[in-house]
Number of protein chains: 2
Amino acid sequence: MESAQLAKIFKALGHPTRIRIVQHLIEIDTCICGEIVGIFPYSQSTISQHLKILKESGIVCGEVEGPKTYFCVDKAVLKRLKQFVNAL
Amino acid sequence: MESAQLAKIFKALGHPTRIRIVQHLIEIDTCICGEIVGIFPYSQSTISQHLKILKESGIVCGEVEGPKTYFCVDKAVLKRLKQFVNAL
DNA sequence: ACATGTCATCGTTAAATGCCGATTAACGAT
DNA sequence: ATCGTTAATCGGCATTTAACGATGACATGT
């Protein structure tokens, strides 16, 4: 992985709320935006924006199912991230 | 480690140049600011600023030795970072 | 004492970020 | 066809970031 792509992932994780979203997604395996909105003291649009950033970095993926979108952590990307960090 | 401190480290690594600075510091073990300036196409002030951000996150530490400052990666912090990422 | 080398900091600029409320889009149920 | 639910996007705002050149601080060599 090149530093530009890695930087994007690190940048995405460079916000407390987004770290906790990722942690929650790993625990829960998958969940919809609305559930995450219920956990944090931020508006729906803000959480949606955070999810967009996480998605764009590649660490999280979302699957549209009807009106809902199911989010989950991309395990392959997470694995690559772990490999990179461990190689440091 | 709490998500606020971790986010700071991730944020610090959320820039391609800063990732490469950290990689270089790990390879070289320790080096002065001027050497890093010579590697990247950025001004001395910009590199100094990047080093400051890395230092403030805790992942890098600098030791003033006369007119020079020797930078190196804080291995304890790096270890904690690895532990956190691996626990994801 | 003075010049040199090394680095941090200041001031500035353009761009990006974080947050919000409001709007829009799309689906499912009535 | 309309309504409620869900989520993405838009416009706006204040703040932060990334980059630069210029300046300042300090130790060392002459």
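Both backbone and side-chain heavy atoms feed into the values below; hydrogens, waters and symmetry mates do not. Chain identifiers are assigned alphabetically (A, B, ...) following the order of the sequence lines, protein sequences preceding nucleic acid strands; residue numbering begins at 1 within each chain.
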Table please: side-chain donor-acceptor pairs of residues 79-88 of chain B below 3.5 Å, with sequence neighbours left out.
residue	atom	partner	partner atom	Å
B:Lys82	NZ	A:Leu88	O	2.8
B:Asn86	OD1	A:Asn86	ND2	2.9
B:Asn86	ND2	A:Asn86	OD1	2.9
B:Asn86	ND2	B:Lys82	O	3.0

Next item on the list: Compare every heavy atom of B:Cys33 with every heavy atom of B:Leu51, then report the nearest pair and how far apart it is.
Entry: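 It is CD1-SG, 3.9 Å.
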Check: Hey, can you pull the residues of residues 45-53 of chain A with a non-hydrogen atom under 4.0 angstrom from DNA chain C?
Finding: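 Heavy-atom cutoff 4.0 Å gives A:Ser45, A:Thr46, A:His50, A:Ile53.
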Check: What dot-bracket string describes DNA chain C from 5' to 3', counting Watson-Crick and G-U wobble pairs whose defining distances are under 3.5 Å, with [ ] for crossing pairs and | for pairs to another strand?
Finding: ||||||||||||||||||||||||||||||
Notebook entry, point to check: Is there side-chain contact between A:Phe71 and A:Cys31, with at least one heavy-atom pair below 4.5 Å?
Noted result: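 Side chain of A:Phe71 against side chain of A:Cys31, heavy atoms only: no contact under 4.5 Å found.
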Checklist line | Side chains of A:Leu78 and A:Ile26 in contact at under 4.5 Å (non-hydrogen atoms) | finding: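 Yes. Closest side-chain heavy atoms under 4.5 Å.
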Margin query: Can you tell me if B:Lys11 touches the phosphate of D:dT17, counting only side-chain N or O atoms and a distance under 4.0 Å to OP1 or OP2?
Written below: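 Yes.
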Item checked: Below 4.0 Å: OP1/OP2 of C:dC20 and any side-chain N or O of A:Ser43 ->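 Answer yes for this pair, as a side-chain N or O of A:Ser43 is under 4.0 Å from OP1 or OP2.
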Contacts under 3.5 Å, N or O only, protein and nucleotides 26-30 of chain D:
none

Check: Hey, can you pull the residues of residues 24-34 of chain B with a non-hydrogen atom under 4.0 angstrom from DNA chain D?
Finding: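 The answer is none.
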How long is the gap from [atom1] on [X] to [atom2] on [Y], to the nearest 0.5 Å?
| X | Y | atom1 | atom2 | answer |
| --- | --- | --- | --- | --- |
| B:Gln23 | B:Arg18 | CD | CZ | 14.0 Å |
| A:Ile59 | A:Cys72 | CD1 | SG | 11.0 Å |
| A:Arg20 | A:Leu25 | CZ | CG | 13.0 Å |

Can you tell me how far [atom2] of [N] sits from [atom1] of [X], to the nearest Å?
| X | N | atom1 | atom2 | result |
| --- | --- | --- | --- | --- |
| A:Gln44 | D:dT9 | CD | C1' | 10 Å |
| A:Lys68 | D:dG4 | NZ | P | 17 Å |
| A:Glu56 | C:dA16 | CD | C1' | 13 Å |
| A:Glu35 | D:dT6 | CD | C1' | 14 Å |
| A:Tyr70 | D:dA7 | OH | P | 8 Å |
| A:Lys55 | D:dA8 | NZ | C1' | 8 Å |

Note to self: Connecting only ILVMFWY residues whose side-chain heavy atoms lie within less than 4.5 Å of each other, what is the rest of B:Tyr70's hydrophobic cluster?
What the structure shows: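 Cluster partners of B:Tyr70: B:Ile32.
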Could you list the donor-acceptor pairs under 3.5 angstrom formed by side chains in residues 5-17 of chain A, with sequence neighbours left out?
residue	atom	partner	partner atom	Å
A:Gln5	NE2	A:Ser57	O	2.9
A:His15	ND1	A:Thr17	N	3.1

Checklist line | Closest nucleotide among D:dC20, C:dG18, C:dC7 to the A:His15 side chain | finding: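 Selected nucleotide: C:dG18.
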Next item on the list: Output every pair passing salt bridge (Lys or Arg N to Asp or Glu O under 4.0 Å) with a member in residues 58-78 of chain B, not counting sequence neighbours, ordered by first then second residue.
Entry: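 The answer is B:Asp29-B:Lys75.
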Next item on the list: Output every pair passing salt bridge (Lys or Arg N to Asp or Glu O under 4.0 Å) with a member in residues 36-62 of chain B, not counting sequence neighbours, ordered by first then second residue.
Entry: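 Not a single pair qualifies under salt bridge (Lys or Arg N to Asp or Glu O under 4.0 Å).
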Quick one: side chains of residues 34-47 of chain B, donor-acceptor pairs under 3.5 Å with protein atoms, not counting sequence neighbours, listed by atom name and distance.
residue	atom	partner	partner atom	Å
B:Ser43	OG	B:Ser45	OG	3.1
B:Ser43	OG	B:Thr46	N	3.3
B:Ser43	OG	B:Thr46	OG1	3.1

Next item on the list: For A:Phe71, answer base if it contacts any base atom (sugar-phosphate contacts may also be present), sugar-phosphate if it contacts only those atoms, and nothing otherwise; contact means non-hydrogen atoms under 4.0 Å.
Entry: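 Sugar-phosphate contact only - A:Phe71 comes under 4.0 Å of backbone atoms but never of a base.
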Notebook entry, point to check: Between A:Ile53 and A:Val77, is there a shared hydrophobic cluster once you connect ILVMFWY residues whose side-chain heavy atoms come closer than 4.5 Å?
Noted result: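 No.
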